[in-house]
There are 2 protein chains.
Amino acid sequence: MPKISEARKSERKRQILLASARRFARQGFAETTILDICREAGLSPGAVYTYFDSKEAIIAAMAELGAQQSAARMDAARSGLDPLTRLRMFLSEFSRPEAAQVNQYDLRIWAEAIGNAGLRSIYLRSRAQLIEALGDIAQPLAARRGVDPGLLAELIAAVAIGSEVRKAIEPEADVLPVLGVLFALLASGRPTTDDGPAQADA
Amino acid sequence: MPKISEARKSERKRQILLASARRFARQGFAETTILDICREAGLSPGAVYTYFDSKEAIIAAMAELGAQQSAARMDAARSGLDPLTRLRMFLSEFSRPEAAQVNQYDLRIWAEAIGNAGLRSIYLRSRAQLIEALGDIAQPLAARRGVDPGLLAELIAAVAIGSEVRKAIEPEADVLPVLGVLFALLASGRPTTDDGPAQADA
DNA sequence: GTCTATAAAAGGATAGAC
DNA sequence: GTCTATCCTTTTATAGAC
């Protein structure tokens, strides 16, 4: 049982999943056929079915991979800067042009999570992580404004998700100025603060 | 060419569209078969195809109907009260338990609008109406805070859409407290105002 | 492990009786 | 106008050669 084989197998799986992600983002789950995935991955149906038992299994594995990547992206915003800057870093993900495919993929997942128990639980877990990370950031801001930190985190998450929906359908739209208004509302509570700079521009 | 016939025909179409809407919200477009729609509407395939040429035609007609209903819902919030109360009326749509199906339907439409030109243009038109209506409401609030009214309307729309996504997947979630934080941020600019009451509670 | 070819099933759409 | 029965295409999944 050579170790190389296990590593290669995992590599092939990843190749298939990334190919699937591109197609799913563009076409959705039901509209993407196994043959689409095969072509995108450069493999034959027989090969693909060696690694996954069914299309459903591909969708589940890929949702899991997407959740991991999302968690990794959140960690990038955990540096030790002031809250507004960290929040800005976190939300400025949306300005990257490559983000459009991720946004489209996310939107497809959310829609599918309505009726797919597996995707729903992945969504719930991923969302809980998001709220937790935003809670850390929101805490000092919420304290200043006298609002519940958890609810402020939920509000920021709603803005982020709403912006993702827009970017998914209109990739050319620029949501940063909109997020700038959110910063303005958060920063303007008390102009003189003790937890770092708080500009309102985007 | 009797007028009754025309009215009956329109009535049947509506019956089919409402049946489709229920299925589409629950299962999505691709996963809903023509037979599902037939069963839900209590009609046979032959009858359904008398009124619509294809499944695609049903989807298009139903998206149009949904956009009309959405516009009607927005008009309900156009009464002459103070902006925060009108905004609260508008957003409190989300607290109605029956709203879950509408939220699910909307989320399905958004996901499908990524790759369907027809749905995309309906989305864009519907969204423009939403921003316009919110602009009216947001104007006095934006003036007080010194932010661009159009961008504030976009921000409120993002919160609304983000909340709809959540309600679609978690119908039992209560988003009103989250929206309450938005009200708090909007209302707390200047505690003493001249355009009506501005409580921050939900 | 990967391919080609194909079996098996599902779904969109239609024909023709009533 | 509506139904039942069915055609035809697409798609998932597998069998067997290499």
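Just so it is clear, the structure is predicted and the values come from calculations on it, not from any experiment.
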J.: Between atom CG in Leu35(B) and atom P in dT2(D), what is the gap in whole Å?
T.: 17 Å
J.: To the nearest Å, give me how far apart CZ (Arg8(A)) and P (dT2(C)) are.
T.: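 About 10 Å, once rounded to whole Å.
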J.: Within this structure, what is the CG-to-P distance between Asp36(B) and dG11(C), rounded to whole angstrom?
T.: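 In whole Å, dG11(C) P and Asp36(B) CG are 8 Å from each other.
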J.: Heavy atoms within less than 4.0 Å of DNA chain C: which residues of residues 23-34 of chain B have one? Give them sorted by number.
T.: Thr32(B), Thr33(B), Ile34(B)
J.: Is it true that Arg166(A) and Glu154(B) make a salt bridge, defined as a side-chain N closer than 4.0 Å to a carboxylate O?
T.: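 Salt bridge between Arg166(A) and Glu154(B), a charged N being under 4.0 Å from a carboxylate O: yes.
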J.: Any salt bridge linking Lys167(B) with Glu170(B)? Criterion: basic side-chain nitrogen under 4.0 Å from a carboxylate oxygen.
T.: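 No, no charged N to carboxylate O under 4.0 Å.
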J.: Would one find more than 12 heavy atoms of other residues, nucleotides or ligands at under 6.0 Å from atom CG of Asp75(B)?
T.: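 Check passes, neighbour count above 12.
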J.: With respect to the phosphate group of dA13(D), does any side-chain polar atom (N or O) of Tyr49(A) fall under 4.0 Å of OP1 or OP2?
T.: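 For Tyr49(A), the contact criterion (side-chain N or O under 4.0 Å from OP1 or OP2 of dA13(D)) is met.
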J.: Taking atom P of dG1(C) as reference, at what distance in whole Å does atom CD1 of Ile16(A) sit?
T.: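 One finds 12 Å between P of dG1(C) and CD1 of Ile16(A), rounded.
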J.: Looking at dT2(C), I'd like to know if its phosphate oxygens (OP1 or OP2) sit under 4.0 Å from a side-chain N or O belonging to Arg12(A).
T.: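 Answer yes for this pair, as a side-chain N or O of Arg12(A) is under 4.0 Å from OP1 or OP2.
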J.: Please list, in numerical order, the residues of residues 51-66 of chain B that have a heavy atom closer than 4.0 Å to any atom of DNA chain C.
T.: Ser54(B), Lys55(B)
J.: State which of dA5(D), dC3(D), dT2(C) makes the closest approach to the side chain of Ser44(B).
T.: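 When the side chain of Ser44(B) is considered, dC3(D) is the closest of dA5(D), dC3(D), dT2(C).
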J.: Do the side chain of Arg108(A) and the main chain of Arg26(A) share a donor and acceptor less than 3.5 angstrom apart?
T.: yes
J.: For Glu11(B) and dG1(D), give me the distance from atom CD to atom C1', rounded to whole Å.
T.: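 That distance rounds to 16 Å.
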J.: Tell me whether the guanidinium CZ or amine NZ of Arg88(A) lies under 6.0 angstrom from the six-membered ring centre of Phe183(A) and within 45° of its axis.
T.: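 Satisfied, under 6.0 Å and within 45°.
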J.: For Arg14(A), does the CZ atom have more than 12 heavy-atom neighbours from other residues, nucleotides or ligands under 6.0 Å away?
T.: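 No, the 6.0 Å shell around CZ holds no more than 12 heavy atoms from other groups.
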